[in-house]
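Everything below concerns the one structure shown next.
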Number of protein chains: 2
Amino acid sequence: MKEERDITTEQRILKAARKVFIEYGFNGARMQLIADEAGINKALLHYYFRSKEQLFDVVFTDLLARFQIAFFTILASDKPLIEKIRLMVEEDIELLMKHPEMPLFIISEVARNPEKTARRANAAKISSLFKEFSRQVKEGIAEGEIREVDPIDLLMNILSLNRFPFIGKPMIQSVIGLSDDRFQKLMKSRKRSVAELIIGDLKNRTTTGGK
Amino acid sequence: MKEERDITTEQRILKAARKVFIEYGFNGARMQLIADEAGINKALLHYYFRSKEQLFDVVFTDLLARFQIAFFTILASDKPLIEKIRLMVEEDIELLMKHPEMPLFIISEVARNPEKTARRANAAKISSLFKEFSRQVKEGIAEGEIREVDPIDLLMNILSLNRFPFIGKPMIQSVIGLSDDRFQKLMKSRKRSVAELIIGDLKNRTTTGGK
DNA sequence: TTTGTATTTAACCAAACGGTTAAACCTATT
DNA sequence: AATAGGTTTAACCGTTTGGTTAAATACAAA
């Protein structure tokens, strides 16, 4: 008579925890605030989740799967390289526009405790997904479809252009002044322009200097 | 008989505080740890800096100037556009390679307290430096030197490609496995490749799809 | 040597924190 | 209506935290 009904309370707690952890980070978050946000008492919180760290783990593992593994799954899907890159940009930016605080939250918490992340995110799986992509890139190079490029370098360019704007948003807004509305429009237009920047670089780069 | 000699102690404190704040963030940092790191007692810490927040302010304002204002100063220097962009990439990455933890630290702390940042970093000045750059970009477009582009978009691309790799380093390392040595080499090669990516996009982009 | 001032310390404090306990409260089954 | 088990709460606990205090120490100027 428990398993079925308490979906409500447990999910209210998880939703509240997600909100508070994302806003304040693990160190800044307070169990009392999570309890308030969920409309319950602090002791009940510990009844459902034994400790702050355990609650955080549940919340974080879930978010990691939704935002990291989703990206790497597209990265290893069986689409043609160019189409795939366009998808990796457009779908990722689309998702991040709905959750602009996620990239900074995830990266901060991984940096706070890198050892745990490998276990939590099933790093072995992601690593193998990346190797699959890596193979596809080398294939594209061999066939002359794209220029010579290090797959890690390519991945970094895509992740950088997709995610930095959301990570640096508070910084950029407070320093050069940029309304939320303007930011939103900019991100929308970036879905196309970032894809073209990356693909253009792969298909027809002309050396602009040196060796 | 004070002003002259205590440079030693005060600077030892600042150095220790910098290290601890950067490693743990404001919320994770402990005054006791800063005191230990500086080789002094906690009370002496409060003798020199009345509160944790005040000490943090001194440390953070200084770092903000060194890493943000430096970048925006190059951005508004009186060099030709293309040469300037190359400099903005190469010098920024060069600096970040010596201080890889800085971008994530700065962005996290700005996000934690955006209101304060505007005052701290002299946002008005940076904003005017950016307007100067913005004017130069429009000039380059009018003269047909580069393609049509939103200056904010251009700035975001440069900042993204420069800084995200350092921000996402722990994430990427724990997820796809990437040694510090390999990372270092990658960043070194990016000084050239990122500049070419940006400049190539500005000088000869060919539309790869749609309208 | 004495005096005044800068420097350093150990001991202490109140508040906030994560976490526990034991009892009360529902509510469905018998 | 009695029972049993899931659910909720107020009160409490030990620790850690940022911060204070008052006294000791070093040392230059008188």
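Letters A, B, ... are given to chains in the order of the sequence lines, protein chains preceding strands, and every chain is numbered from 1. The structure presented is a predicted model; accordingly, all values stated were derived computationally and were not measured.
What separates CZ of A:Phe49 from P of C:dT20 is a distance of 15 Å, to the nearest Å. The separation between A:Tyr48 atom OH and C:dG18 atom C1' is 20 Å, rounded to whole Å. With rounding to whole Å, B:Leu44 atom CG is found 6 Å from C:dT8 atom P. Atom pair B:Lys42:NZ and C:dC13:P shows a separation of 14 Å (rounding to whole Å applied).
With 3.5 Å as the limit, one finds a donor-acceptor pair spanning the side chains of A:Arg190 and B:Asn157.
Within 6.0 Å of the NZ atom in A:Lys84, the count of heavy atoms belonging to other residues, nucleotides or ligands exceeds 12.
Note on A:Glu53 versus A:Lys116: salt bridge recorded, some NZ/NE/NH1/NH2 to OD/OE distance being below 4.0 Å. Look at B:Lys19 and B:Glu23 and you find no salt bridge, because none of the NZ, NE, NH1 or NH2 atoms lies under 4.0 Å from a carboxylate O.
Both tests do not hold together for B:Arg18 against B:Phe60: distance to the six-membered ring centre under 6.0 Å, angle to the ring axis within 45°. A cation-pi contact links B:Arg112 to B:Phe56, judged by a cut-off of 6.0 Å to the six-membered ring centre and 45° from its axis.
If you check D:dG19, C:dG19, D:dG6 against the side chain of A:His46, the one that comes closest is C:dG19. Which of C:dA10, D:dG6, C:dT21 sits closest to the side chain of A:Tyr47 comes down to D:dG6. Among the nucleotides C:dT9, C:dT7, D:dT8, the one closest to the side chain of B:Asn41 is C:dT9.
Listed by residue number, there are no residues of residues 50-61 of chain A with a heavy-atom contact under 4.0 Å to DNA chain D. Near DNA chain D, defined here as any heavy-atom distance below 4.0 Å, the residues from residues 20-40 of chain B are B:Ala29, B:Arg30, B:Met31, listed numerically.
Within the model, atoms CD1 of A:Ile40 and CD1 of A:Ile13 stand 3.5 Å from one another, a figure rounded to the nearest 0.5 Å.
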Let me see the working for B:Gln32 and B:Asp36 under side-chain hydrogen bond (donor to acceptor under 3.5 Å, both in side chains), right down to the final yes or no.
-> CA-CA 6 Å; B:Gln32 185 61 60; B:Asp36 294 350; 3.0 Å; yes

